[in-house]
Each structure stands twice: as C-alpha cells, then as structure tokens.
Student: 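Quick one: this structure, given as structure tokens, is what I'll be asking you about.
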Amino acid sequence: MSAKQPNPKPATASEERELERQLEIMRDGAEELIGEPELRVRLLESVRGGDPLRVKFGVDPSAPDLHLGHTVVLGKLKRFQDLGHIPIFLIGDFTARIGDPSGRKKTRPALEPEDVQRNADTYLAQVGTILDVDRAEIRFNSEWMDPMTTSDFIRLCSNYTVARLLERDDFAKRYAAQEPIAVHEFLYPFAQSYDSVALRADVELGGTDQKFNLLLAREIQRAYGLRPQAVVTHTLLVGTDGSEKMSKSLGNAIGISEPPEDIYGKAMRVSDPLMLTYFDILSWGEWDDLAQARSAVAEGKGDPMALKHELAFRLVARCQGDEAAKAAREHFRSVVQRGEVPEELEEVSFSVGSEGSLGVLDILRELGFAKSNSEGRRLVTQGGVQVDAKVVGDPAARLSPGTYVVRAGKRRFARAILRK
RNA sequence: GGAGAGGUACCGAAGCGGUCAAACGGGGCAGACUGUAAAUCUGCUGGCUUAGCCUUCGGAGGUUCAAAUCCUCCCCUCUCCA
C-alpha cells in the first residue's frame, strides 16, 4: 500500500452531507481530531461503498475493572460502530507487560502473563455492556509483537529520536523533576504504534493522555508505507474527588460493574460542577432532552439535585439496565435521603462462643467495617457505629445472641446474626 | 569509571543519639452542617488483651544504658563529569 493518494473525484452534494454528518459525530465530545484531511479522503471511499473505517481502541488490561472513564472512549467507539465502521478493540497484552507510562508520575509495574489473560477476559465481559462485541474485531497485540525479533524492534525504534521522546509531556515533567524514567518506558510508544501498522488502523481513539502515542503511530505508519491514521482524543474523566483523573487505584472511580446503588450513590456524591462535566462527557449525544436543565443548573438556577438524580439514573441504566436503575434510585431515596435501613442487607452469622456474647470490635472486623481493632475502636469512640439505630459509644460493648442491624458511618450496613 | 545529593508512615515532607509511633501538609475515616453535593468546622489516622506493651524510619550487621539519628557493607534513585 502506498502513502500516495489517488486524486479522488470531488464529492457530490449528498456525499458531502454524509461526510459532514459522520465527521460531526466523530468530533462530538472529542478534545481533538487530528488528521482530518486524510480522514476525509478515506471516509469518502467508505461512503462510496468502499471498506468501512478500521477504528482502533487499545486498552491496557492491567486494571480489569472498567469504570466510567473508560466508557468515554468506548462510547465513541460504539458511535463509530453505529456509523457502520469496524471497531477494533485491541487488548494490549504485550504492551501491558511493558507498562505504559502515559500520564504517570511513576514507572508502572509490568504484569505477569496470567494476570493479563485473566484481566482481558474480565474486560471483554464488561465491554459487552457498551459495545456490540460480536460485530467488533477483538485483537491481542501479542499476536504480532511476540513473533517480532529484536532486530525488527530495533528497526522500528530507529524511526524516532530521543529528543522527541523527551518532549513528551509526562517524560519531560519527570525528567525535569529528576524522577526516574526507565528505558523500557521509551519503548512502549513504539509497540503501541506498531499495533496501528499491524491493524492498518484508519482511526485511533484515546484519551488526551494518549496523544503522543497516537501521533507517533502516524509517523510509524508512514515509515511503513501506510496512510497515517486519524487521531481522536477525548478529555479524561475526572474522578469523583474532582481533581485527579478517574482511576481505580486512586479510589475515585465509578466502576460499571459495581452494585447499582454504589454507582448511583457515587454519582450523587460528586460536586455540582463536576456533575456538569460528567454530564457533558458522558452524554454521547443521547441526552439532549436534559440540555435545558443542564444549562439552568450551570447558571445557578434550576435544580441541581434533580439533575444529578437523572444523571445517576441514566448512568446505572446504561451499564446495567432500567430495572437496576430504578432499584438504585429507590435505594438512594429511602436509605440516604430518608435515613432508613436498607431492605436488603448483607447477613453475617456469628457464633458467640463460650462467653455467650461477642464484642462489637470483633463484629466490626468480621463485617469488614474496620481493618483492625484499633480502627474499630476509633470508629466506635467517634460515634460512628450504631447497633439497631443506637450509637454504641463503648468499644468494650458486647452483644448477646440475637439479630442486629449494624451501621458504620453513614452508609455501611449489615445484619449481624449472633447464635449460641 | 569519578564526584556529589538522597531513600522516613497511604503520598509529600521535617526530624539527624534519649523528650519519636516520629512535626507539618495532602489523602483517608468519623462527627457537625447539608441536597449523603461541594465548601467549611472538629476529632482520629501502625498494631495489641490500650493510663501499658509490641513492631516501624531502603536492607543486613555493629557501636551505645539508649539509634530514624553514629559506624561498616550492600541495594535503589537523582545530578554533574567521563
């Protein structure tokens, strides 16, 4: 395949309309669309009955639980799929073993192959809730990276310079801050770029933190005589803390497989400004009916809580269906807003043993409400523990056989059944 | 290969022979206030059978009545020179 383009016939008016329609959707919610001229040429071919676009989205299977942050780009991939293009869901099993430094302040640990495989399986199961996996191309990059020889790889790396690598934002920052950068981290972008060569990607989607890698892929594709892919970057979703990017390891993520009440509750707990951001990034062009409510809240009018409820509801519904969303909403209203005890509680049975009673600290620990007795003691002393709606102030308190509703903090509940 | 700086609790960072379970900030947890929002305020934040005891300051040894603090070796990181 040559990088040279045949001189295409100009687009007719209807082709032009279709082109614009598709480009509009591709740009929607995106931070940047790079390589639009090439994309137009390629898209026109597709509109005229040629092959659909090959749209790549690569994930690192190091964190197996998908959260809303992942769904931003995944949602875009779905929209490409809806336009009739081919979504390529690339699982970076090879690259995961390298460890992507993107957006990281620290070197990322490499994973064991078994972990990678297990994570990939979990991943795919979750992706299915958003994307029609049966009509998508699912690939693993070990397919072409494993057979690659060292000299192949060195040749690949010869297409770029150290100075330009160091310009990359996260490397530059770490270098300036005198923090370590391991050599293998430099290799990651090359491996990722080669994926685009192997897959003959026409478009690659990613977060803004991926911009460097995505752009490098264009250069590498050219070096291998291919047309450079277009690049569509998306703003990273900020985590529930409102400052760091959403990430499971930072504990600020809303996972799409979490219990519906948790997704709903976490969504309700974000700040109002953050809610608006979530709304914009996660609407995928589907929530136009709420546009008015959204702008009212943005102007300080309107009802922020009502909008937040709506957002929470739709997020749960998107991941887990309407029934789950309804239940989650009811749960939130009753437990959180009215302070009622949840209808369904986790039940844990205990045996009181020879003493005929059990200490609260032991119960808290067993329920997972406290990691240690000291932590439990703190919780109790600070008035954070209730048994049957009564505050337990004494860490030495003991419960005799019976059934109790144990509450820790505002929203952790369990039913403890003490037996002789 | 040479010279210098450094590795402290979840993170950042002070401490540099006893008064150190280790200042301060962030994060986390709990409480108050709320819309379980945010913001704010208060308290807690190694473990245990908790007025006491046990284990922590890169690792292993050593000096000392006493070490995060001093010595030796090792491991790791950064900078400059080659």
Side-chain angles (χ1 to χ4, degrees), chain A residues 104-107 109 166 171-185 238-254 261-279 293-294 296-298 300-313 315 328-342 353 355 357-362 364-365 367-387 390-398 406-413:
Chain A
R104 296 235 152 204
K105 291 167 191 150
K106 286 182 182 167
T107 306
L166 270 174
F171 287 144
K173 279 189 184 136
R174 279 163 61 183
Y175 194 66
Q178 305 188 350
E179 279 160 11
I181 302 170
V183 173
H184 74 275
E185 297 183 74
V238 175
T240 51
D241 58 2
S243 52
E244 302 285 338
K245 79 165 181 178
M246 187 173 281
S247 128
K248 195 187 171 198
S249 57
L250 292 173
N252 63 5
I254 303 180
E261 313 84 74
D262 289 354
I263 298 179
Y264 202 101
K266 284 183 180 182
M268 288 304 289
R269 252 174 276 127
V270 304
S271 74
D272 290 354
L274 188 60
M275 157 180 72
L276 297 178
T277 308
Y278 277 20
F279 184 88
R294 186 236 174 267
V297 171
K301 292 176 268 182
D303 184 348
M305 190 171 66
L307 182 61
K308 211 179 277 180
H309 266 292
E310 199 54 46
L311 175 73
F313 185 90
L315 288 176
R329 180 170 59 194
E330 196 33 57
H331 179 270
F332 186 86
R333 286 189 174 147
S334 109
V335 175
V336 175
Q337 297 189 298
R338 294 197 296 267
E340 296 166 358
V341 173
E355 298 179 59
S357 64
L358 205 53
V360 245
L361 298 186
D362 291 322
L364 289 174
R365 226 167 358 86
L367 293 172
F369 291 169
K371 285 196 279 296
S372 63
N373 280 359
S374 296
E375 193 175 304
R377 187 170 283 118
R378 253 175 254 139
L379 206 53
V380 171
T381 313
Q382 291 174 146
V385 175
Q386 291 181 12
V387 171
K390 279 201 277 293
V391 174
V392 181
D394 179 12
R398 303 185 71 82
V406 181
R407 177 178 185 177
K410 286 198 179 74
R411 57 192 129 83
R412 283 179 293 171
F413 291 90

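Below, all heavy atoms of this structure are taken into account, side chains as well, without hydrogens, waters or symmetry copies. These numbers come from a predicted model, not from an experiment. The sequence lines fix the lettering, A, B, ..., with proteins before strands; numbering per chain opens at 1.
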Student: Can you tell me the Watson-Crick or wobble partner of B:C20, both distances under 3.5 angstrom?
Tutor: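 Here B:C20 is not engaged in any pair, so there is no nucleotide opposite it.
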Student: Which nucleotide, in any strand shown, forms a Watson-Crick or G-U wobble pair with B:A68, with both distances under 3.5 Å?
Tutor: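 Partner of B:A68: none.
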Student: Using atom CD of A:Glu330 as one end and atom P of B:U36 as the other, report the distance to the nearest whole Å.
Tutor: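 So the two atoms are 14 Å apart, to the nearest Å.
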Student: Applying a 4.0 Å non-hydrogen cut-off, can you work out what A:Gly339 is touching in the nucleic acid: base, sugar-phosphate, or nothing?
Tutor: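 No contact at all - A:Gly339 keeps every heavy atom at 4.0 Å or more from the nucleic acid.
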Student: Is there side-chain contact between A:Val380 and A:Leu364, with heavy atoms separated by less than 4.5 Å?
Tutor: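 Side-chain contact under 4.5 Å: yes.
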Student: Expressed as a whole number of Å, how far does the C1' atom of B:U55 sit from that of B:A3?
Tutor: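 Rounded to whole Å, the distance is 39 Å.
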Student: When the nearest nucleotide of RNA chain B is assigned to A:Met268 and to A:Gly384 on a heavy-atom basis, which residue is associated with the more 5' position?
Tutor: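 Counting from the 5' end, the first nearest nucleotide belongs to A:Gly384.
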Student: Could you state the atom-to-atom distance from NZ of A:Lys410 to P of B:C33 in whole Å?
Tutor: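 Answer to the nearest Å: 9 Å.
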Student: Can you tell me the base-pairing partner of B:G6? Count Watson-Crick or G-U wobble geometry only, both distances below 3.5 Å, and say none if there is no partner.
Tutor: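 Its partner is B:C76 (Watson-Crick or G-U wobble, both distances under 3.5 Å).
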Student: Given the structure, check if the side chain of A:Asp272 and the base of B:G35 hold any donor-acceptor pair shorter than 3.5 Å.
Tutor: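 Looking at the base of B:G35, it does pair with a donor or acceptor on the side chain of A:Asp272 (distance under 3.5 Å).
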Student: Would you indicate whether the side-chain heavy atoms of A:Met305 and A:Met268 approach each other to under 4.5 Å?
Tutor: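 Contact flag for A:Met268/A:Met305 side chains = yes.
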Student: Paired with B:C44 by Watson-Crick or G-U wobble geometry, both distances under 3.5 Å: which nucleotide is it?
Tutor: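 With both distances under 3.5 Å, B:C44 matches B:G28.
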Student: With sequence neighbours excluded, what pairs up with A:Asp303 under the salt bridge (Lys or Arg N to Asp or Glu O under 4.0 Å) test?
Tutor: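 For A:Asp303 there are no salt bridge (Lys or Arg N to Asp or Glu O under 4.0 Å) partners, ignoring immediate neighbours.
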Student: For a 4.5 angstrom cut-off between non-hydrogen side-chain atoms, does A:Lys308 reach A:Asp272?
Tutor: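 The answer is yes, as the side chains (C-beta and beyond) meet within the 4.5 Å cut-off.
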Student: Base, sugar-phosphate alone, or nothing: which one does A:Val270 contact when heavy atoms must sit under 4.0 Å apart?
Tutor: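 Contact class for A:Val270: sugar-phosphate only.
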Student: Take atom C1' in B:G18 and the same atom in B:A82, then report the distance between them in whole Å.
Tutor: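 Comparing C1' positions in B:G18 and B:A82 gives a spacing of 46 Å.
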Student: If you measure from CG on A:Leu315 to CD1 on A:Ile263, what distance do you get to the nearest 0.5 Å?
Tutor: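 One finds 8.0 Å between CG of A:Leu315 and CD1 of A:Ile263.
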Student: Mind checking if A:Arg333 touches a base, just sugar-phosphate, or nothing, with heavy atoms under 4.0 Å?
Tutor: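 Nothing, no heavy atom under 4.0 Å.
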Student: Once you round it to whole Å, what is the distance between C1' of B:C10 and CD of A:Glu244?
Tutor: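 Taking atom C1' of B:C10 as the reference, CD of A:Glu244 is at 14 Å.
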Student: Round to a whole Å and report the spacing from NZ of A:Lys308 to C1' of B:A38.
Tutor: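 It works out to 7 Å between those atoms.
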Student: Between B:U79 and B:U69, how far apart are the two P atoms, rounded to whole Å?
Tutor: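 Going atom to atom, P in each nucleotide, I get 27 Å.
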Student: Quick one: look up who B:U63 pairs with, Watson-Crick or G-U, both distances under 3.5 Å, and put none if it's unpaired.
Tutor: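 Per the H-bond distance test, none.
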Student: Between B:A30 atom C1' and A:Arg411 atom CZ, what is the distance in whole Å?
Tutor: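 Rounded to the whole Å, the gap is 12 Å.
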Student: Quick one: does A:Phe279's side chain get under 4.5 Å of A:Glu310's, heavy atoms only?
Tutor: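 Heavy-atom side-chain distance check fails, nothing below 4.5 Å.
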Student: Counting only Watson-Crick pairs (N1-N3 plus N6-O4 or O6-N4) and G-U wobbles (N1-O2, O6-N3), all under 3.5 Å, who is the partner of B:A14?
Tutor: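 The answer is none; no pair meets the criterion.
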Student: Using the C1' atom as the reference point in each nucleotide, state the distance between B:G61 and B:C75 in Å, no decimals.
Tutor: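 So the two C1' atoms sit 15 Å from each other.
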Student: How long is the straight-line distance from CG of A:Asn373 back to CG of A:Leu379, given to the nearest 0.5 Å?
Tutor: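 These two atoms lie 12.0 Å from each other.
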Student: Can you name the atoms? Protein N/O to nucleotides 74-82 of chain B N/O, anything below 3.5 Å, with the distance.
Tutor:
from: B:C78; atom 1: O2'; to: A:Gln178; atom 2: OE1; distance (Å): 3.0

Student: I'd like to check A:Phe413 versus A:Val335 (side-chain heavy atoms, cut-off strictly below 4.5 Å). Are they in contact?
Tutor: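 SC-SC contact between A:Phe413 and A:Val335 confirmed.
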Student: Using the C1' atom as the point on both nucleotides, what is the distance between B:A23 and B:C16, in whole Å?
Tutor: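 Rounded to whole Å, the distance is 14 Å.
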Student: Just the atom pairs and distances: protein N or O near nucleotides 1-7 of chain B's N or O, under 3.5 Å.
Tutor:
none

Student: Kindly compute the distance separating CG (A:Asp241) from CG (A:Leu274), expressed to the nearest 0.5 Å.
Tutor: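 Rounded to the nearest 0.5 Å, the CG-CG separation comes out at 8.5 Å.
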Student: Paired with B:G1 by Watson-Crick or G-U wobble geometry, both distances under 3.5 Å: which nucleotide is it?
Tutor: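 When the pairing criteria are applied, B:C81 turns out to be the nucleotide that pairs with B:G1.
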Student: So A:Pro304, base contact, sugar-phosphate only, or nothing? Heavy-atom distance under 4.0 Å.
Tutor: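 Here A:Pro304 touches the bases of the nucleic acid.
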Student: What integer number of Å spans the P atoms of B:C20 and B:G52?
Tutor: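 The answer is 14 Å between these two P atoms.
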Student: Can you check each nucleotide of nucleotides 43-48 of chain B against protein heavy atoms at under 4.0 Å and return B for base, S for sugar-phosphate only, - for none, in 5' to 3' order?
Tutor: BSS-SB
Student: Would you please name every residue forming a ring pair (Phe, Tyr, Trp, His ring centres under 6.0 Å) with A:Tyr264, sequence neighbours left out?
Tutor: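 Partners of A:Tyr264 under the ring pair (Phe, Tyr, Trp, His ring centres under 6.0 Å) test: A:His309, A:Phe332.
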Student: Distance check needed: B:U50 P versus A:Asp394 CG, whole Å only.
Tutor: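 Result: 12 Å.
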Student: Could you grab the distance from atom CG of A:Leu307 to atom CG of A:Leu276, nearest 0.5 Å is fine?
Tutor: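 These two atoms lie 7.0 Å from each other.
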Student: Can you check the distance between B:C78 and B:U45, where both ends of the measurement are the P atom (answer in whole Å)?
Tutor: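 Taking atom P in both B:C78 and B:U45, they lie 36 Å apart.
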Student: Could you tell me the separation between the CD atom of A:Glu310 and the C1' atom of B:G35, rounded to a whole number of Å?
Tutor: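 After rounding, the gap between these two atoms is 16 Å.
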Student: Once salt bridge (Lys or Arg N to Asp or Glu O under 4.0 Å) is applied, do any residues pair with A:Lys371, and if so which ones, sequence neighbours excluded?
Tutor: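 With neighbours one apart ignored, the set is A:Glu375.
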Student: When the C1' atoms of B:G26 and B:A14 are considered, how many whole Å apart are they?
Tutor: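 It comes out at 15 Å once rounded to the nearest Å.
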Student: To the closest 0.5 Å, what do you measure between CZ (A:Arg378) and CG (A:Leu361)?
Tutor: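 Output value for this atom pair is 11.5 Å.
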Student: Any ion pair linking A:Glu261 and A:Arg411 (charged N to carboxylate O, less than 4.0 Å)?
Tutor: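 Salt bridge between A:Arg411 and A:Glu261, a charged N being under 4.0 Å from a carboxylate O: no.
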